[in-house]
Amino acid sequence: MSTATLGDASPSLSPMLARLAEERATGALLRDHGTLYLLDGQVVHAESPAAPGLDVLLADRLPREGWQEAFDRAGPYGRVGRFLVDSGRLADGELELAHLGALFDAAYFALAPGSGPTRFRHGVAHWLGPVRPVSARLVARECLRRRELLDTLWPYPDTDSSPVVREDLDAPAPVTRRQRDVLDLADGTRTPPDIARALGRPAFHTLIDVRRLAAAGAVTTPREETGPAPVAVPRWVADVSQDPDIALLRRLRNALEAL
Amino acid sequence: MSGIDACLVEAMQLPGARGAALVDWTSGLALGTAGEAAGGDGETAAAESAELARMAAEHGTFAPGGGQDKGLPVEDVIITTRTDYHLLRYVETSFESSVFLHLWLDRDQGNLALARLRLADLAERLVLG
């Protein structure tokens, strides 16, 4: 978390994203786990299948019809966010808070290291329109910081994408309200992003809760059923099976009979 | 001017205000800042104040039962130093979030009672408009 590890060079900023920011590019940066939308080189939105979108986060606040109206009226102009505020559906600050929450949440997955090829589609704009643009450098830094924060809590990144199951503890540690909701849905099938979506919460909040719960032993990530573990046999057994050397087989037989 | 920036600018108009920030206490990210950064580095200030805010919001001593279903159990956190005040005010939103306003005040010029009331008002207006 120290600034020293982040440094001015910002190694977290990929060369491609750095170049797009410098060129003040507009378009969509497509990666395996999400999409970053740029406007004049700044990040204006992000989406990821792993992170609940604005509509999910704001489901209690803005009913489906509200979204539909905004989408129909302002979607073609790419100004849905502005429309929601101007029409009095949402307060300025409210939209900004929800938007930034969703943006950083999705960017965390979209910019995950090593998640396949990166493509950029020039000129593509998101229907939401600019709400509160963030520099690409800040988004990349924050993604790295979040990864480090999660690893400080429980250094097993697989926890984020594996089904989690609640453990029955004799003396369970006290949990927060947020963690209690997460525990209730930790059924051994749902992954942390599934739980976040079910709760209508930012995925990162759930990743944090799950890592803390895992560190406390309150949840575990069940491993895939692989059947009985293969019995370890000496390497020479394989050699023998491939080697039709009769003399060797005879020696083996003799050795076994001598036991 | 946007909602977050307008809110921070207003907070900075309080007597003795040195810095203001809107911070997410789950991630430790500053969503907006104005004035000076307490301690000299904004990123560190956000991360450290977030940790304090999280403790107060989640630990059973201050938030019995880990917080009830409706409403935030803790309203604000006040730190008094020899020279300054730090006031953290939780922002209540209609959706799942974890943000607070951090106002840093000079102790000689600041008025803690006034600042507390104004910050509560600002936190409310930020999301209600």
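Below, chain A is the first sequence line, B the second, and so on; all start at residue 1. Since we're looking at a predicted model, the values are computed, not measured.
- In this structure, the portion of B:Thr93 lying under 4.5 Å from any heavy atom of chain A is its side chain and not its backbone.
- Crowding of A:Arg24 atom CZ: a count of heavy atoms from other residues, nucleotides or ligands under 6.0 Å not exceeding 12.
- Residues forming a salt bridge (charged side-chain N to carboxylate O under 4.0 Å, His left out) with B:Arg116 (at least two apart in sequence, or on another chain): B:Glu75, B:Asp76.
- Interatomic distance, CZ of A:Arg141 versus CD of B:Glu43, reported as 4.5 Å (0.5 Å rounding).
- A:Arg145 and B:Leu29 make their closest contact through NH2-N, 3.4 Å (heavy atoms, listed as atom of the first residue, atom of the second, distance).
- Dense packing is recorded around CD of B:Glu51, with more than 12 heavy atoms of other residues, nucleotides or ligands lying under 6.0 Å away.
- Contact tally against chain B (heavy-atom pairs below 4.5 Å) for A:Ala91, A:Gly101, A:Pro174: the top residue is A:Ala91.
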Step-by-step side chain to side chain contact (heavy atoms under 4.5 Å, CB included) determination, A:Glu96 to B:Asp5:
CA-CA 10 Å; A:Glu96 288 173 20; B:Asp5 288 334; over 6 Å; no
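- The interface of residues 195-208 of chain A with chain B, defined by heavy-atom distances below 4.5 Å, comprises A:Gly200, A:Arg201, A:Pro202, A:Phe204, A:His205, A:Ile208.
- Counted within 6.0 Å of CZ on B:Arg18, heavy atoms from surrounding residues, nucleotides or ligands total more than 12; the atom is thus considered enclosed.
- A donor-acceptor distance shorter than 3.5 angstrom exists from the side chain of A:Arg132 to the backbone of B:Leu31, with no hydrogens or angles considered.
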Show every donor-acceptor pair shorter than 3.5 Å between a side-chain atom in residues 51-61 of chain A and any protein atom, with sequence neighbours excluded, or say none if there are none.
residue : atom : partner : partner atom : Å
A:Arg61 : NE   : A:Glu94 : OE1          : 3.4
A:Arg61 : NE   : A:Glu94 : OE2          : 2.5
A:Arg61 : NH2  : A:Arg89 : O            : 3.4
A:Arg61 : NH2  : A:Glu94 : OE1          : 3.2

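- Taken from OG in B:Ser97 to CG in A:Leu100, the straight-line distance is 11.5 Å, to the nearest 0.5 Å.
- For chain A, the nearby part of B:Leu128 is the backbone; its heavy atoms alone come within less than 4.5 Å.
- The line from CG of A:Asp209 to OG1 of B:Thr26 is 7.5 Å long, rounded to the nearest 0.5 Å.
- Listed by first and then second residue, the salt bridge (Lys or Arg N to Asp or Glu O under 4.0 Å) pairs involving residues 151-161 of chain A are A:Asp151-A:Arg211, A:Asp160-A:Arg211 (not counting sequence neighbours).
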